[in-house]
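The basis for the numbers below is simple: all heavy atoms, side chains too, and nothing from hydrogens, waters or symmetry mates. Per chain, numbering begins at 1; letters A, B, ... match sequence-line order.
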Amino acid sequence: MSLDFTVKTPVFEGPLEVLLGMIEKRKLFINDIALSQVADDYISYVQSIQNERGFPIAEVAQFILVASTLLLIKSKSLLPTLTLTEEETQSVNDLELRLKIYQRLRNAAEHVAQRFGEDIMFAPLDRKNDVKVFAPDKDTNLPSLFASIQNALKNLPKKEFIPKAVVQKVISLEEMIGRLTTRISSNLRMSFTQFSGEHKGNRVHIIVSFLAMLELVKNGIIHVKQEKDFGDIEMETGEVGVPRYS
Amino acid sequence: MELDKKIEAILFWKGEPMSIKKLSQILSVSEEEIKAAIENLKIKLEGRGISLMEKESEIMLVTSGEASELIQTLTKEELSKDLGKASLETLSIILYQGPVKRSEIDYIRGVNSQFILRNLLVRGLIEKISDPKDARTFVYKPSFELLAHLNVKSIEELPEYEAVRKDIESFKSAGVEEEKKTEALSDSESLENEIQEDSELKANEDSI
Amino acid sequence: MELDKKIEAILFWKGEPMSIKKLSQILSVSEEEIKAAIENLKIKLEGRGISLMEKESEIMLVTSGEASELIQTLTKEELSKDLGKASLETLSIILYQGPVKRSEIDYIRGVNSQFILRNLLVRGLIEKISDPKDARTFVYKPSFELLAHLNVKSIEELPEYEAVRKDIESFKSAGVEEEKKTEALSDSESLENEIQEDSELKANEDSI
């Protein structure tokens, strides 16, 4: 064996990285206003990666989760009368928090990038002046060593499947979006009288196109679910980064 | 022989990290005495060709950062100086937020970190230990090797180390307060809020 | 950085005798300058736990005399200590897979084995030899004493030898298949991504 081993990890931008990029590009601070402004861009992005070959499905599910939270934020900004459930509010707050933490750590990563490998301190080489004495212990016997190799084999990394929790979340997400569509539609009918004056046409137009967007996201979720029904998740997630041999 | 000399001799001979606890056992003195002697040793090593590194309750002797180029010309080993984007991100989380669980790393990065963590473990840049709070799970923390690659003698020497930790703490506690506030307000939101949001609506119209 | 500090760093790192001639080559200064710096270093090492030993035209750093008893006790203790789970696992991999590179051991174990290998070497359980296929690197194999101790005349006598080797092989070739798959897919990935992946990959080679 003269080959080297490595674990190769595919490089793609994560869901928060993409979102933060969009916010920073517009020079916005992380808050609900900023999030509702980038919601459309983000959703088009999620649409685009779903058709990309080689993009791991497990990660698409994460993107859809973020997209759905952005939809909530956007719905609320379009229809202030819309009341979010406790869980929905929670996911909105959670997304903001994650983004803030991510942003802070990503900035800190600059320091790490700058210093890494620049002035390395070295651990000393093996001390060769040690007198070598054959010193086995009580476990240095065939049964123990056999048990050890068995254990090592058992612990070899296996392909990881989408955690059940994520799949379940994606499914309930579909329901959530269905409900959101209904809520917005009825809210729209109720609020029709509120939309008076010159903006009337515009607003209806905005909300109708927003509803269309909800449908698109819903399709995306169904797409992910189907991948699972066809049993493709296993294959797809394999690409998240199974150890490679080079 | 003074304690700090004994400690230096042991560390030199060992060439590996050693715990303060272990040193206190070997030398039959209290851990406090060991810690005081370490401070002495640090002073003696200031500006020398050797540095003392500290990580949690372990210490180790290494060549000083100043000698880096020199030793690099002597070493036959190929050095790992390049970090991919994902590695850099993951290492930064472990450095500034460690010890940290994989679920927390995944939460912050928003992607699955299983394989990047294994890669970093194999490279010796991070360590995986049982979570002291829950033996069934693991936490990840920086290794001496990682700190040595960053030329910091202890993690606190990392630029902005305290500031980053404090900022993230404050984000988290603000989040908790926000939650409480929302619960208190529930659906009886003030009229003022509604008006504000209404003006936001206008701002959003263009963006669609 | 002053010459005496540079010499200190090199000698500490090496832990072996070095000739003044060699030092003068490495540091690109005259032998006289090296000698003068050595005198300086001797003074600086007063009150430290390590001292400079001179023999003919060679010098090396050693633990100060008074610490030698301590070191002896420690050596004995280290040899009589139980190996522990991680060491046994590493030993079993070397037994079944040897001669094997450190990068391969690390890859199978999913962690860095540097210190463990050092300990197994000191205890005479394994040997480190130049890789016959690549003289710049090393491979590890079980020592004769270990095989005799286990009463194994040839490696094939190990329990389930073939099955274990097959399992490891299939783990490794699973990696090969994944690799091929990505290559086939790679045309849909952006060039930039590929380059990044590639540099990450290279960084990992042999630095492990």
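- Aromatic ring pairs are classed by plane angle as parallel below 30°, tilted from 30° to 60° and perpendicular above 60°; the pair Phe116(A) and His149(B) is parallel.
- Every residue was checked against the salt bridge (Lys or Arg N to Asp or Glu O under 4.0 Å) condition with Glu157(B), not counting sequence neighbours, and none meets it.
- Considering only heavy-atom pairs separated by less than 4.5 Å from chain B, the leading option among Met121(A), Lys100(A), Glu118(A) is Met121(A).
- For Glu145(B), no part lies near chain A; criterion is any non-hydrogen pair under 4.5 Å.
- For the set Leu158(B), Leu147(B), Val152(B), the entry with the most heavy-atom pairs within less than 4.5 Å of chain A is Val152(B).
- Of all the heavy atoms in Gln72(B) and Ile120(A), the pair that sits closest is NE2-CD1, 4.3 Å.
- Although no hydrogens or angles enter the test, the distance criterion places a donor-acceptor pair under 3.5 Å between the side chain of Arg98(A) and the main chain of Tyr107(B).
- Neither the backbone nor the side chain of Asp41(A) comes within less than 4.5 Å of any heavy atom of chain B.
- The two residues Asp119(A) and Asn151(B) come nearest to each other via the heavy atoms O-CB, 3.0 Å.
- For Gln114(A), no part lies near chain B; criterion is any non-hydrogen pair under 4.5 Å.
- Heavy atoms closer than 4.5 Å to chain A are found in the side chain of Leu95(B), but not in its backbone.
- Leu125(B) touches chain A through its side chain: at least one heavy atom from C-beta onward sits under 4.5 Å away, while N, CA, C and O do not.
- Residue pairs meeting the salt bridge (charged side-chain N to carboxylate O under 4.0 Å, His left out) criterion with at least one member in residues 105-115 of chain B, sequence neighbours excluded: Glu89(B)-Arg109(B), Arg102(B)-Asp106(B).
- Looking at heavy atoms from C-beta onward, Glu160(B) lies out of side-chain contact with Asn107(A) at the 4.5 angstrom threshold.
- The two atoms that bring Val111(B) and Pro15(A) nearest to each other are CG1-CD, 3.7 Å, heavy atoms only.
- For a residue to count as touching a neighbouring chain, one of its non-hydrogen atoms must lie under 4.5 Å from one of that chain's; by this rule Ala163(B) touches chain A with backbone and side chain alike.
- Of the listed residues Ala113(A), Ala109(A), Ala39(A), Gly14(A), the one with more heavy-atom pairs under 4.5 angstrom with chain B than any other is Ala109(A).
- With contacts defined as side-chain heavy-atom distances shorter than 4.5 Å, the pair Arg104(A)/Gln97(B) does not qualify.
- Interface check for chain B: of the options Leu105(A), Leu84(A), Val38(A), the most heavy-atom pairs under 4.5 Å are formed by Leu105(A).
- No donor-acceptor pair closer than 3.5 Å links the side chain of Ser92(B) to the backbone N or O of Ala108(A).
- The stretch residues 44-59 of chain B places Ser51(B), Met53(B) near chain A, each with some heavy atom under 4.5 Å from a heavy atom of that chain.
- Ile108(B) places a side-chain heavy atom less than 4.5 Å from the side chain of Tyr102(A).
- Interface residues of residues 134-144 of chain B toward chain A, defined by a heavy-atom distance below 4.5 Å: none.
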